[in-house]
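See structure below.
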Amino acid sequence: MRSEVLASLQAPDKWLSSMYFYDERGSQLFDDICELPEYYPTRTELGIMKANIREICDAIGPRAMLIEYGSGSSVKIRTLLAHMEQPAAYVPVEISKEHLVASAEALAADFQDIEIIPVCADFTGEYELPESSRKAERNVVYFPGSTIGNFDPEDALDLLKNMRRDAGHGGGVLIGVDLEKDAATLERAYDDAAGVTATFNLNVLTRLNRELDADFDLENFRHKAIWNDELHRIEMHLVSLRAQAVHIDGVRIDFAAGETIHTESSYKYTLERFAALAGRAGLAVKNVWQDAEKLFSVQYLEVS
C-alpha cells in the first residue's frame with residue numbers, strides 16, 4: 001500500500017486507487033450513499049431486477065452455477081437466488097476473506113437448498129473455479145452494480161474476457177451497466193446535497209493518515225465531481241485548497257493550490273458502445289432490461 005500510494009501521488013497527475021475507499025468507515029459510507037435520493041444506480045438496478053426477474057431467470061436457465069464477482073449479501077443476489085430454477089450452486093469470488101465468509105454464511109442460512117461455495121481470490125486475475133456437487137448445465141457470471149464502469153475501458157475489456165473464461169462454452173454473463181445521461185444528473189449522484197459522498201471521498205485521506213503515518217489536513221481539501229464528456233466518465237477528485245506539503249511515512253508530497261488527486265472514475269456507456277466492448281471480449285448481448293427513464297441497464301451476455 002505504501003509503495004502504491006507514494007507512486008500514484010508522486011505522478012505528474014496525482015491519483016489514488018479507488019480500492020482504498022473501502023476500509024470499515026468507507027464501506028459504511030458507501031452503504032449510506034446507496035440510500036441517497038440523488039444516487040440512482042442501486043435502487044434503479046434493483047427495480048429493474050424485480051420487474052423483470054422471471055425473464056432474467058429464464059435467460060439464465062435451469063441448473064446454472066452462478067458465479068458472482070464480489071461477495072454479495074444484498075437484496076439483488078437474494079432476489080436472484082430465490083427465483084432461479086434449480087441452481088446448481090452459488091460461487092461468490094471475493095478477495096476479502098472475512099467479508100466473503102460472513103456473506104456466504106448469511107446466505108447459506110437463508111438458502112439451505114443451494115450449495116454455496118465461496119472462493120477467496122482476486123476476480124481480475126486467474127483462479128480455479130470449484131466443481132459443484134450437482135451437475136451444472138452452464139456457468140453464469142453475475143456482476144451487479146455499476147462496477148464495470150470503475151474500470152478503464154481496456155481493463156474492463158480484460159475483465160469481460162475473464163468473465164467469458166469463467167462462463168465457458170454455452171455460458172453467460174449477467175451484468176449491471178450504468179448508462180450515459182445528462183451531466184447534471186451524474187454530478188448530483190456523485191456530489192449529493194447532504195455531503196455524504198464528499199465525506200466518503202475525504203475518508204481515504206483519513207485512512208492514509210491512520211495506516212501510512214500521513215499528515216493530510218482534511219480541512220485543506222474538498223471533494224469535486226465532474227463529468228468528462230470526452231472520456232464518457234464521471235470523475236471524483238480531491239482538490240487542494242492551497243499550496244501545501246503533506247508527508248507520508250516521512251516522504252514529502254507537494255501540492256499546488258487547485259491541484260487535485262483523482263480518486264475514482266465511473267465510465268458510463270451507451271448500449272451500442274457497451275455491446276461493442278463486450279463483442280471484443282467474445283460476448284454477445286442477448287437481453288437488455290432498462291428502467292422507464294433509461295438511466296441503467298441489466299444485460300445478459302452469451303459466450304459467442
Side-chain angles (χ1 to χ4, degrees), residues 17-24 26-35 39 41-46 48-49 56 60 64-82 84 87 89-108 110-111 114-130 139-152 155-167 171-178 200 264-267 269 274 278 281 283 296-301:
S17 170
S18 59
M19 71 178 180
Y20 295 128
F21 281 139
Y22 298 100
D23 61 357
E24 184 177 1
S27 296
Q28 291 170 349
L29 286 166
F30 184 72
D31 287 343
D32 293 340
I33 287 170
C34 292
E35 300 297 324
Y39 193 76
T42 302
R43 66 174 178 272
T44 304
E45 182 181 24
L46 182 57
I48 292 169
M49 291 194 65
I56 291 170
I60 292 171
M65 183 163 81
L66 190 69
I67 305 157
E68 183 175 10
Y69 283 11
S71 178
S73 57
S74 69
V75 176
K76 285 178 283 190
I77 187 60
R78 290 173 177 272
T79 301
L80 201 53
L81 292 176
M84 285 175 62
Y90 168 62
V91 181
V93 183
E94 167 67 54
I95 198 168
S96 172
K97 186 175 182 180
E98 183 177 343
H99 180 65
L100 173 69
V101 170
S103 296
E105 287 179 348
L107 286 170
D110 293 335
F111 295 93
I114 299 176
E115 185 178 13
I116 297 177
I117 316 171
V119 173
C120 187
D122 179 357
F123 58 73
T124 65
E126 293 187 7
Y127 58 92
E128 187 173 341
L129 278 175
N139 290 351
V140 174
V141 175
Y142 182 42
F143 198 46
S146 54
T147 313
I148 191 68
N150 294 136
F151 292 81
D152 289 338
D155 291 332
L157 175 62
D158 289 340
L159 185 57
L160 288 165
K161 288 178 178 177
N162 285 4
M163 295 180 191
R164 186 187 188 279
R165 174 201 68 202
D166 288 347
V173 173
L174 182 66
I175 187 170
V177 181
D178 200 4
F200 172 73
E264 185 177 50
S265 294
S266 185
Y267 288 82
Y269 289 92
F274 187 75
L283 295 165
F296 198 91
S297 68
V298 175
Q299 305 192 28
Y300 187 76
L301 319 176

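Every value quoted in this text rests on a predicted model; they were computed, and no experiment measured them. Computed over heavy atoms, backbone and side chain alike; hydrogens, waters and symmetry mates excluded.
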Taking distance alone, no hydrogens or angles, what donor-acceptor pairs closer than 3.5 Å link side-chain atoms of residues 141-148 to residues at least two apart or in another chain?
none

So does A64 get a backbone contact from the side chain of N139, meaning a donor-acceptor N/O pair under 3.5 Å? no
Residue pair A82 / F111: nearest heavy atoms and the distance that separates them: N-CE2, 3.8 Å
Which residues share a ring pair (Phe, Tyr, Trp, His ring centres under 6.0 Å) with F274, sequence neighbours left out: Y269
Looking only at non-hydrogen atoms, find the nearest pair between L301 and A278 and report the distance. CD1-CB, 4.2 Å
Which heavy-atom pair separates D178 from P41 by the least distance, and what is that distance? OD2-CG, 4.1 Å
Where do Y90 and E115 land on the side chain to side chain donor-acceptor pair (under 3.5 Å) test, with the steps shown first? CA-CA 6 Å; Y90 168 62; E115 185 178 13; over 6 Å; no
Which heavy-atom pair separates S71 from P92 by the least distance, and what is that distance? CA-CB, 4.2 Å
If the condition is salt bridge (Lys or Arg N to Asp or Glu O under 4.0 Å), which residues does D122 pass it with, not counting sequence neighbours? none
I48 side, atom CD1; R43 side, atom CZ - distance, nearest 0.5 Å: 12.0 Å
With sequence neighbours left out, the residues meeting salt bridge (Lys or Arg N to Asp or Glu O under 4.0 Å) with D31 are none
Between the side chain of D23 and the main-chain N/O of G26, is any donor-acceptor distance below 3.5 Å? yes
L129 vs V119 side-chain heavy atoms within contact, under 4.5 Å: no
Partner of Y300 by side-chain contact (heavy atoms from CB on, under 4.5 Å), out of L283, I56, V140, I175: V140
Just jot down the side chain to side chain contact (heavy atoms under 4.5 Å, CB included) partners of T42, sequence neighbours excluded, or say none. C34, Y39
Steps toward side chain to side chain donor-acceptor pair (under 3.5 Å) verdict (S297, Q299): CA-CA 6 Å; S297 68; Q299 305 192 28; 3.1 Å; yes
As a quick check of understanding, evaluate side-chain contact (heavy atoms from CB on, under 4.5 Å) for S17 and Y20, giving each step before the final call. CA-CA 6 Å; S17 170; Y20 295 128; 3.9 Å; yes
Verify the ring-centre separation between F200 and F21: is it less than 6.0 angstrom? yes
Non-hydrogen side-chain atoms of L174 and L80 separated by less than 4.5 Å: yes
dist M19:CE -> S96:OG (nearest 0.5 Å) comes out at 12.5 Å
Can you list everything that forms a side chain to side chain donor-acceptor pair (under 3.5 Å) with N150? Sequence neighbours excluded, please. E264
All side chain to side chain donor-acceptor pair (under 3.5 Å) counterparts of D166, not counting sequence neighbours: Y69, Y127
Rounded to the nearest 0.5 Å, what separates atom CG in D155 from atom OG1 in T124? 9.0 Å
Rounded to the nearest 0.5 Å, how far apart are CG of L81 and CD1 of I116? 7.0 Å
Rounded to the nearest 0.5 Å, what separates atom SG in C120 from atom CD in E98? 11.0 Å
Distance-minimising heavy-atom pair for A281 and L160: CB-CB, 3.6 Å
Does Q28 have any side chain to side chain donor-acceptor pair (under 3.5 Å) partners at least two apart in sequence or in another chain, and if so, which? none
Can you check whether R164 reaches V173 side chain to side chain, under 4.5 Å on heavy atoms? no
Can you tell me how far OG1 of T79 sits from CE of M84, rounded to the nearest 0.5 angstrom? 13.0 Å
Side chain to side chain donor-acceptor pair (under 3.5 Å) filter on E94, not counting sequence neighbours, yields none
So, do I117 and P130 sit near enough that their side-chain heavy atoms are less than 4.5 Å apart? yes
Any E68 side-chain heavy atom under 4.5 Å of V91 side chain: no
Please find the pair of heavy atoms, one from F151 and one from Y267, that lie closest to each other, and give the distance. O-CD1, 3.5 Å
